[in-house]
Amino acid sequence: MYADELWLYANGDAMKIHHDVLNVRTDGRGFFDVTREVARIVAGAQVTNGLCTVFVQHTSASLVIQENADPAVLRDLETWMSRLAPESARYEHDDEGPDDMPAHLRGAITKTSESIPIVQGRLALGTWQAIYLWEHRSHAHSRRLVVTVLGQ
């Protein structure tokens with residue numbers, strides 16, 4: 001984990017910018033809930049109101065805010081994505097195996113970052129929302145998420 005902080009002052013108001021890196025170990029394709037770890041970083045930044053951004057530094061994984069109550073939602077998303085970018089198709093780029101290019105396609109149509117408001121020191125996620133790292137490769141990987149907290 002890496003943390004960095006910077007204070008900006010404008011019109012007498014202090015604005016904090018806090019950066020942290022979250023390393024997430026995946027065990028292959030699927031969703032990995034990072035909400036608790038991101039919330040811990042937000043709490044440590046001690047920002048009452050502001051914005052949290054989470055950015056994944058990889059091209060074969062992505063981020064999504066999705067339902068956390070019914071696991072069938074995540075299974076259906078994975079099934080749908082497998083139809084859009086199947087490993088069985090022929091791709092020119094296959095240097096790292098048959099899951100390589102499908103993972104890049106999946107990353108291209110999803111997001112590399114999410115922005116969540118901070119209200120009263122907490123992530124303003126809805127009742128059934130969670131932040132997920134979506135691993136698109138079939139084998140385990142270590143993924144880096146940069147978490148930036150901006151606020152007062």
Side-chain angles (χ1 to χ4, degrees), residues 1-6 8 16-47 50-119 121-151:
M1 202 102 109
Y2 157 85
D4 187 22
E5 237 173 60
L6 174 68
L8 299 176
K16 181 188 269 188
I17 301 173
H18 177 90
H19 296 286
D20 216 329
V21 172
L22 184 58
N23 291 302
V24 179
R25 184 82 181 144
T26 71
D27 55 5
R29 185 171 294 128
F31 294 87
F32 299 86
D33 189 342
V34 296
T35 311
R36 186 170 292 151
E37 293 89 346
V38 172
R40 184 178 43 75
I41 291 170
V42 168
Q46 298 180 334
V47 166
L51 186 66
C52 173
T53 63
V54 184
F55 174 76
V56 60
Q57 291 184 309
H58 303 276
T59 58
S60 56
S62 58
L63 294 168
V64 63
I65 294 176
Q66 198 46 256
E67 180 174 329
N68 63 5
D70 185 355
V73 171
L74 302 179
R75 288 192 303 270
D76 285 343
L77 280 168
E78 186 60 47
T79 300
W80 172 77
M81 186 64 83
S82 294
R83 286 193 305 264
L84 285 179
E87 284 186 21
S88 60
R90 292 181 43 113
Y91 301 102
E92 181 178 349
H93 177 74
D94 61 359
D95 296 345
E96 296 176 33
D99 70 333
D100 193 9
M101 192 60 210
H104 290 294
L105 294 171
R106 293 165 182 218
I109 63 171
T110 54
K111 296 177 280 186
T112 56
S113 67
E114 288 286 358
S115 297
I116 305 102
I118 300 168
V119 178
R122 300 179 59 161
L123 293 169
L125 291 168
T127 301
W128 309 114
Q129 290 182 315
I131 307 165
Y132 292 97
L133 169 66
W134 193 352
E135 176 63 65
H136 299 305
R137 299 297 302 267
S138 56
H139 300 292
H141 284 80
S142 181
R143 302 301 191 178
R144 282 175 54 100
L145 304 180
V146 177
V147 179
T148 302
V149 179
L150 173 68

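Quick note: residue numbers are just sequence positions, from 1.
At least one donor-acceptor pair closer than 3.5 Å links the side chain of Lys16 to the backbone N or O of Ala45. Distance alone, capped at 3.5 Å, places no donor-acceptor pair between the His93 side chain and the Tyr91 backbone. Checking side-chain atoms of Thr148 against main-chain N and O of Thr53 turns up no donor-acceptor pair under 3.5 Å. No donor-acceptor pair under 3.5 Å is formed between the side chain of Thr112 and the backbone N or O of Phe55. Formation of a donor-acceptor pair under 3.5 Å by the Asp20 side chain with backbone atoms of Ile41 is not found in this model.
Separation of atoms OG1 (Thr35) and CG (Leu125) is listed at 6.0 Å; rounding is to 0.5 Å.
Side-chain atoms of Arg143 and Ser60 form a donor-acceptor pair, as typed in the model, at a separation below 3.5 Å. Under 3.5 Å, the side chains of His104 and Thr59 contain a donor-acceptor pair of N or O atoms.
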Candidate pair Asp27 and Phe32, rule side chain to side chain contact (heavy atoms under 4.5 Å, CB included), full reasoning: CA-CA 9 Å; Asp27 55 5; Phe32 299 86; 3.0 Å; yes

Stepwise side chain to side chain contact (heavy atoms under 4.5 Å, CB included) check, Gln46 with His18: CA-CA 9 Å; Gln46 298 180 334; His18 177 90; over 6 Å; no

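Of the charged side-chain nitrogens involved, at least one lies within less than 4.0 Å of a carboxylate oxygen, so that Glu78 and Arg106 count as a salt-bridged pair.
Just one of Val64, Leu133, Asn68 meets the side-chain contact (heavy atoms from CB on, under 4.5 Å) condition when paired with Phe31; it is Val64.
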